[in-house]
Amino acid sequence: MESLKQKFAEKAIALYQELREINKAHGDLKVDEVTLGQITGGARSIKMMLWETSQLDAIKGIRFRGYSIPELKELLPSGPQGEPKPEGLFWLMLTGEIPTAAEVDGLTADWHARAGVPDQVFKTLDSLPEDTHPMTQFTIGIMAMQPTSIFERRYAEGMPKSEYWDAVYEDSMNLIARLPRVAAYIYRRAFKGGKHIAPDTTLDYSANYAHMLGSDDEDFRSLMRLYLTIHADHEGGNASAHTVNLVGSTLSDPYLSFAAGMNALAGPLHGLANQEVIKWIFEMIEALGTDRPTKEQIADYVNNTLAEGKVIPGYGHAVLREPDPRFTAQRKFAEQYIKDSNLITTVWNIFDVVPPILEGLGKVKNPWPNVDAHSGALLVHYGFREYSYYTVLFGVSRALGVLAAGIWSRALGMPLERPKSVTSDWLKAQVNK
Ligand SMILES: CC(=O)SCCNC(=O)CCNC(=O)[C@H](O)C(C)(C)COP(=O)(O)OP(=O)(O)OC[C@H]1O[C@@H](n2cnc3c(N)ncnc32)[C@H](O)[C@@H]1OP(=O)(O)O
Ligand SMILES: O=C([O-])CC(=O)C(=O)O
């Protein structure tokens, strides 16, 4: 059986040649125009990077190598209850091909073999105050693994450019393999009195992570498979992916660039919104004195939040203009696996209430829920109430997409990223031209 690395190398070498020719023949072809509003408005929609692993459509949502989430649920090798394994998605992102079950099992085994975490990482984490935010612990844990970077060592030894992708591949595979252990260690340290659980190498990536967190519930394993699959990638322009891409373009190794991206994911307008959503719901339940608020009560609470000048977490999106298919996938999961949960019913009632209110403000471009609107309620259902941890789970998943994309970037010989900035005087001069 051809290894993932061999398969990737074949595809990447062919695309590298093709892109070189396209660039030579059509490098001056105009593919976009930039408005003043895009410069002052967070660079929305400006096409400025190559990202092979997934592409976002404002209406249809994310597609991984052309496949929608429902299609991936059908096609990717799955766990016993039918939820796709993220190992398969990683394979797809690197090769463009749906793997066989045997290929996915091989990748699971490869990651188990690479999963040893240096002791120094645990010592570093143990030196932090226990109440350090889990995302801060996560980036510190990733940085503590950086001294094992193969890319850094080989670069210092004079590695030629043609081998960069190989070293990035090795680092990325090792990092992905180790992340669940580090992430579970942070959880058990912060919330379970430091009683750690050893990995179980008979389990797949998601079930093993669930196991080390403290759950061997079959439904929770299925949730983890789905969760780690759907959060993995959202094309290249989102803040965490773009950060990994930017930092990686300087030839910082995958540990350095992934840690940088996790610092972006830790912001409340991005990945941390999943923590903010459940915090906001818990505060609403507390304020209203009921764990099954009516839609009228929810509407009042939403209006109060807006009146306080705050955003409704889990709603809106920089690109999407319809309900996020990742929200829908989680809702379907809840409909299938969970009966009668007040919290999940509340999430669905919020979905009925919030969009018309946001639309009524007249300025929100997308009133619909994003991925973060649903994830916390599912985690609470399975006993994980410690919401400050949730973005770490998101980060473990995001590693799959951004590191696969990083391997592609080095294989395609992508240069240092360096867009242009302008001053307000320059903008004014354009207006007055
Ligand atoms: C994994 C992810 O990263 S998904 C996104 C997670 N983030 C959240 O859920 C946080 C809540 N949502 C938001 O803050 C925004 O919708 C963002 C950051 C996701 C997108 O921001 P933008 O692209 O700037 O949104 P948009 O163009 O619609 O913003 C226009 C106005 O509507 C406001 N708005 C957008 N979404 C919301 C919301 N959920 N609640 C209240 N106001 C909102 C913006 O704050 C902005 O107001 P302003 O002009 O007074 O500053
Ligand atoms: O695409 C974005 O800007 C944010 C997002 O949903 C993600 O990164 O998953």
Side-chain angles (χ1 to χ4, degrees), residues 37-38 40-46 49 51 53-64 69 89 135 227-245 261-281 298-299 301-330 347 350-351 353-376 387 390-402 405:
Q38 285 174 305
T40 56
R44 294 288 180 282
S45 308
I46 300 174
M49 79 179 91
W51 195 265
T53 46
S54 69
Q55 190 162 346
L56 187 61
D57 179 273
I59 306 300
K60 293 189 183 130
I62 195 64
R63 280 178 180 264
F64 301 86
I69 289 172
L89 178 69
M135 275 308 275
Y227 184 106
L228 295 177
T229 300
I230 66 175
H231 285 80
D233 207 33
H234 218 230
E235 73 173 24
N238 71 76
S240 51
H242 187 189
T243 305
V244 176
N245 191 61
M262 289 302 95
N263 284 316
L265 196 72
L269 294 188
H270 189 22
L272 200 84
N274 73 107
Q275 153 183 329
E276 296 300 289
V277 167
I278 211 72
K279 178 168 172 267
W280 181 81
I281 295 177
I298 293 171
Y301 196 80
V302 167
N303 283 321
N304 285 341
T305 301
L306 292 171
E308 285 166 5
K310 298 189 248 176
V311 295
I312 307 301
Y315 282 76
H317 198 273
V319 182
L320 286 169
R321 296 294 178 257
E322 284 286 333
D324 190 333
R326 299 170 298 178
F327 176 90
T328 311
Q330 295 180 87
V347 165
I350 294 169
F351 172 57
V353 166
V354 167
I357 297 178
L358 288 184
E359 240 163 2
L361 296 179
K363 63 174 183 176
V364 181
K365 295 196 190 68
N366 172 39
W368 299 109
N370 58 59
V371 65
D372 296 325
H374 210 309
S375 48
Y387 52 74
Y390 292 174
T391 313
V392 176
L393 275 167
F394 195 158
V396 171
S397 172
R398 187 53 50 108
L400 302 175
V402 298

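Each ligand, and each atom within it, is numbered from 1 in the order the structure gives.
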Open item on the list: Checking contacts now, so for atom 51 (O) of ligand 1, which I'm interested in, is there any protein heavy atom under 4.0 Å?
Closed with: no

Task: Contact bool for atom 17 (C) of ligand 1 (protein heavy atom, d < 4.0 Å) - done: no

TODO: Going by heavy-atom distance to atom 42 (N) of ligand 1, choose the closest among Asp324, Leu320, Val311.
DONE: Val311

Open item on the list: If you measure every N or O of Leu269 against every N or O of ligand 1, does any of those distances drop under 3.5 Å?
Closed with: yes

TODO: Could you tell me whether Arg326 approaches ligand 2 through its side chain, its backbone, both or neither, with non-hydrogen atoms closer than 4.0 Å?
DONE: side chain

- [ ] Consider every N or O of Tyr315 and every N or O of ligand 1, then say whether any pair is closer than 3.5 Å.
- [x] yes

Task: Side-chain touch Pro325/Lys60, heavy atoms, less than 4.5 angstrom - done: no

Task: Nearest-neighbour protein heavy atom for atom 35 (C) of ligand 1, which is reported as residue plus atom name and distance - done: Val364 CG1, 3.8 Å

Task: Region of Arg398 engaging ligand 2 - heavy atom pairs below 4.0 Å - done: side chain

- [ ] Return a yes/no value: protein heavy atom under 4.0 Å from atom 1 (C) of ligand 1?
- [x] yes

Open item on the list: For atom 5 (C) of ligand 2, what's the nearest protein heavy-atom neighbour? Residue, atom name and distance, please.
Closed with: His234 ND1, 3.2 Å

Open item on the list: Can you confirm, on distance only, whether ligand 1 has an N/O atom lying under 3.5 Å from any N/O atom belonging to Gly314?
Closed with: yes

TODO: May I ask you to identify, for Glu235, whether its side chain, its backbone, both or neither come under 4.0 Å of ligand 2 on a heavy-atom basis?
DONE: neither

Task: Within-4.5 Å side-chain heavy-atom neighbours: Val396 and Tyr227 - done: no

- [ ] Note the single closest protein heavy atom to atom 25 (O) of ligand 1, along with its residue, its atom name and the distance in Å.
- [x] His317 O, 4.5 Å

Open item on the list: Students should be able to answer this: which protein heavy-atom is nearest to atom 8 (C) of ligand 1, and at what distance?
Closed with: Ala273 CB, 3.6 Å

Open item on the list: Taking a cutoff of less than 4.0 Å between a non-hydrogen atom of the residue and any ligand atom, is Leu306 in contact with ligand 1?
Closed with: yes

- [ ] Would you please determine whether His270 falls within less than 4.0 Å of ligand 2 on a heavy-atom basis?
- [x] yes

TODO: Specify whether the nearest protein heavy atom to atom 40 (N) of ligand 1 is under 4.0 angstrom away.
DONE: yes

Task: N or O contact, His270 vs ligand 1, cut-off under 3.5 Å - done: yes

- [ ] Determine, counting only non-hydrogen atoms of the protein, whether one lies under 4.0 angstrom from atom 46 (C) of ligand 1.
- [x] no

TODO: Tell me which part of Asn238 gets within contact of ligand 1: side chain, backbone, both or neither, using heavy atoms under 4.0 Å.
DONE: neither

- [ ] Give yes or no for whether the N/O distance cutoff of 3.5 Å, strictly under, is met between Leu361 and ligand 1.
- [x] no

- [ ] Do me a favour and list the nearest non-hydrogen protein atom to atom 4 (C) of ligand 2 with residue, atom name and distance?
- [x] His317 NE2, 3.4 Å

Open item on the list: Please list the nearest protein heavy atom to atom 38 (C) of ligand 1 with its residue and the distance rounded to 0.1 Å.
Closed with: Ile312 N, 3.7 Å

- [ ] Look at atom 29 (O) of ligand 1 and find which of Arg44, Arg398, Lys363 reaches it with the closest heavy atom.
- [x] Lys363

Open item on the list: Just to confirm my output: which protein heavy-atom neighbour is closest to atom 27 (O) of ligand 1, and how far is it?
Closed with: Lys365 NZ, 2.8 Å

Open item on the list: Apply side-chain contact (heavy atoms from CB on, under 4.5 Å) to residues His242 and Met49 and explain how you reach the verdict.
Closed with: CA-CA 9 Å; His242 187 189; Met49 79 179 91; 3.4 Å; yes

Task: Polar atom proximity, Asp324 to ligand 2 (N or O, under 3.5 Å) - done: no

Open item on the list: Is there a polar contact between ligand 1 and Asn370, counting only N or O atoms under 3.5 Å apart?
Closed with: yes

Task: Heavy-atom nearest neighbour in the protein, as seen from atom 3 (O) of ligand 2, with distance rounded to 0.1 Å - done: Asn238 CB, 3.4 Å

